[in-house]
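Each remark here refers to the structure printed beneath this line.
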Amino acid sequence: LLIGSGVLTNYPNHASTDLPIYRIMYCSIFYYSMLALVMQIRVAQGLLLRGSNATASVPGPETCQVLKNEETYSSIKVSVGNPPQSFQLVADTGSDNCIVKDCVCTQCLPEWGKACFVEPKKSKTFKVPLFKKEYYGGEKQGPSPARMAMNFGSGEISAEIASDQVSIGHINANMENGLLLMYDHSLEIRAHFEGILGMGRPNAEFKPRPGQPEGVKIPGFFDSAKVRYFSICFNHGADGVLGMHTTHHPKSLTSVGKTHWAMDFHGISIGDQPFKMGTCDPALKKPEMETACSIIPDTGTTLVVGPEAQIASLYEDLCNNWQRCKNTHKDLAAEMEKLTSKGIRIEGPAGALDLVQSDFDKFMDLVSEVMARSSPDAPSLVEPDVINKARAIEDKAIPYVISKASVSGEGNATGVTGKRIGKPRVIREASASKAGKKDQKGLPMTKEEGKFTIPPSMTLQLLLEHCASWIEKVDLNQEMPELKFHVADTKGNKDILQIPASSYIFSKAINVEVPSIRDVLGFPLKIRTPQNEKVCMMGFSAMDYSTELNGDVWIFGTPLFYEYTVLYDRGQGKREEINMGFTSKKETECGQCQGEKIVRSSLLDEKVNTNTQVGLEALNHLSKQPIIRKLPPGMKHV
């Protein structure tokens, strides 16, 4: 506008012969400048009418924020208030609220850190909305703040509903009734924790979530910031990336259920083995069901969670398709046979093994030796004299544990439930085995009555718990088969998500007591020395949870995000628009967030792009207990 008016002011200085040309040119410049100004004013008016957070309603260019690798989950830097206060919040796709620790929380643990929200004293834009309440005991209650309680994997959070400005990078939102201030809790978290950034499935039907007050709409951050598309991926041993205003995935799957991001789940196949549908076969679902089984991708869950029977079956198939485990299982069975031939009774009622012998430590040394000499090549021959380590026999029952040292501290190598998946088997009828039948508990039988057999699922866990003795320089991704998760939506679209061993096997440090003999004043005394050891564990946890409409529920935790960039489409209010797509890191690496831009190039550290390490270094390490989401009871759908 200034250019056009300035040129018109100088118009009389030009020669008369040029008047028509300059008049056209100057008037054109002036006209289009005025048109542009009017358009800017109309856009600004429209934004103001939509609210103070509407500057984010027009999708901007792709941006990103760093996801800090916290081992069991990832966190993201979020600013709250004006002036802003910074927090590292758990990045959680399993919930949809923005929760920040309030300074009034007296129950918050010291391990969580000192960061907390200081409310009006610091933030000029903070306010606590007041809501009308119903009559209680015949007396009318005046307007007051609203509170709500929410269940998470590690316990419950109580929070007060508030409003304030919240931002991630340069994406800002005025979260009207959307900031939840945690004032009490029953969480079991014993690590740094400042709150949760929920990125869950949008509430397309606008029905109150569990614990949400009636008549109060509580938006999530992406609701208030008008972010439709976002993506999440993790990096082995490095920080991950949250992408915002990303693109729509060309082969996306429509989310099933109504509450969580979820997919139709058909089951897991192993390596190149043919896929056999089991209890998750769509043909087995009842007419009123949407899916036979379902699976929830969840950044807030460390492991893969599913029904115990299905996981036990998976472990058995995995051992039978991993040559090292298959060979070790044969060796271990041979050692068990030798023990029984020497008069050592091995039993396994109710899933607990008992040994009757004089020196349990020696027997556990035997188990350790079998694991240490494991090989992916031809089965090793059992050494004739190895049984001498457990010759002495006494009528004394000793509980069976799987390591040569008693585990203390945070629990055993499974790290979650404190028990192994899959049970030992006691054979009851010899005649049944000859006919190919099963015993009264439905367990396979061998040839001789009363003989104990250890299932391949337990051999698998034994072998991993003793991984320190054989894993050095071993490339598990080459030696162990991939796990293929078969997923779909209700429209017939399907996908296969392939997870290598380096993402479904974890390493974990445990405290053990190593037994030894020490000479004290000429007397041989048994002592136990505390020691920290690394073990390996399957990245699975058992949880039996079933819904009326979506069948047995699985939760796909961090292993998915280490191998795929998951792209989310939150839609525009319609259920069929809510979908997910998966891009393998074999096609496009996760990259890094640098200056709020996703950088994917050869200039990045090779360690960030691909996981090329071997041995224990190739695995994601857990120095604290995994986080497992607990779904609320009585859900009809996911």
Side-chain angles (χ1 to χ4, degrees), residues 70-74 90 92-95 151-155 187-191 234 260 262 265 267-268 279-280 293-319 351 402 407 409-423 455 457-458 460-465 467 483 485 497 499 501-510 535-547 551-563 619-633 635 638:
E70 307 275 6
E71 291 186 2
T72 56
Y73 63 92
S74 288
V90 176
D92 183 25
T93 58
S95 61
N151 286 307
F152 292 87
S154 54
L187 300 176
E188 298 175 358
I189 298 176
R190 295 295 184 271
F234 297 162
H260 292 279
F265 184 50
I268 304 173
T279 57
C280 292
C293 293
S294 53
I295 190 165
I296 300 171
D298 181 19
T299 58
T301 295
T302 309
L303 310 177
V304 179
V305 183
E308 183 171 5
Q310 295 182 42
I311 293 178
S313 177
L314 170 67
Y315 282 12
E316 189 148 334
D317 291 341
L318 181 58
C319 184
I402 302 301
V407 177
E410 293 189 7
N412 64 16
T414 56
V416 183
T417 62
K419 66 178 183 179
R420 286 163 192 82
I421 295 176
K423 296 181 178 181
S457 60
M458 187 166 289
L460 172 69
Q461 295 165 90
L462 272 166
L463 187 55
L464 290 175
E465 289 176 15
C467 67
L483 297 183
F485 291 71
L497 305 176
I499 309 298
S502 60
S503 286
Y504 68 75
I505 304 289
F506 287 80
S507 67
K508 179 177 175 64
I510 61 172
V535 298
C536 299
M537 55 177 276
M538 288 290 291
F540 287 78
S541 179
M543 178 189 72
D544 293 305
Y545 192 95
S546 187
T547 60
D552 289 338
V553 178
W554 288 67
I555 301 177
F556 211 160
T558 60
L560 170 65
F561 300 90
Y562 278 115
E563 294 304 321
L619 306 179
N620 291 305
H621 180 72
L622 302 179
S623 61
K624 45 196 173 186
Q625 287 296 92
I627 296 175
I628 305 298
R629 183 173 302 280
K630 296 177 184 177
L631 299 174
M635 287 178 59
V638 290

I need the minimum non-hydrogen distance between Ile499 and Leu560, along with the two atoms involved. CD1-CA, 4.2 Å
Compare every heavy atom of Gly306 with every heavy atom of Ile311, then report the nearest pair and how far apart it is. CD1-O, 3.4 Å
Would a distance-only check, ignoring hydrogens and angles, find a side-chain to backbone donor-acceptor pair under 3.5 Å from Thr302 to Thr72? yes
Give a yes or no answer on whether the side chain of Tyr545 reaches the backbone of Met635 with a donor-acceptor pair at less than 3.5 Å. yes
Compare every heavy atom of Ser502 with every heavy atom of Leu619, then report the nearest pair and how far apart it is. CD2-CA, 3.9 Å
Does Asn620 have any side chain to side chain donor-acceptor pair (under 3.5 Å) partners at least two apart in sequence or in another chain, and if so, which? His236
Main chain of Thr93, side chain of Thr299: is a donor-acceptor contact present, judged purely on distance under 3.5 Å? yes
Roughly how far, to the nearest 0.5 Å, is CD1 of Ile268 from OH of Tyr504? 10.5 Å
Under the rule for side chain to side chain donor-acceptor pair (under 3.5 Å), what residues qualify as partners of Ser95, not counting sequence neighbours? Asp92
Any side-chain heavy-atom pair from Cys280 and Gln310 closer than 4.5 angstrom? yes
Short side-chain to backbone donor-acceptor contact, Gln461 and Ser457, under 3.5 Å: yes
State the CZ-NZ distance between Arg190 and Lys624, to the nearest 0.5 angstrom. 13.5 Å
Can you give me the closest heavy-atom contact between Gly155 and Leu187, atom names plus distance? C-CD2, 3.7 Å
Least distance between heavy atoms, Ile627 atom then Gly300 atom: CG2-O, 3.3 Å
Validation row: Asp544, Glu308 side chains within 4.5 angstrom (heavy atoms): yes
Are the side chains of Met458 and Pro455 in contact, using a 4.5 Å heavy-atom criterion? yes
Once the angle between the rings of Phe540 and Phe485 is folded into 0 to 90°, is it parallel (under 30°), tilted (30 to 60°) or perpendicular (over 60°)? parallel
Closest non-hydrogen atom pair between Lys508 and Gln625, with its separation: NZ-OE1, 3.0 Å
How many angstroms lie between atom CD1 of Ile555 and atom NE2 of His260, to the nearest 0.5 angstrom? 7.5 Å
Leu303 versus Met537: any side-chain heavy-atom pair under 4.5 Å? yes
Side chains of Leu314 and Leu483 in contact at under 4.5 Å (non-hydrogen atoms): yes
Is there side-chain contact between Ile296 and Arg629, with heavy atoms separated by less than 4.5 Å? no
With a 4.5 Å cut-off on side-chain heavy atoms, are Leu464 and Met538 touching? yes
Value rounded to 0.5 Å, distance of CG in Leu631 from CG in Asp298: 9.0 Å
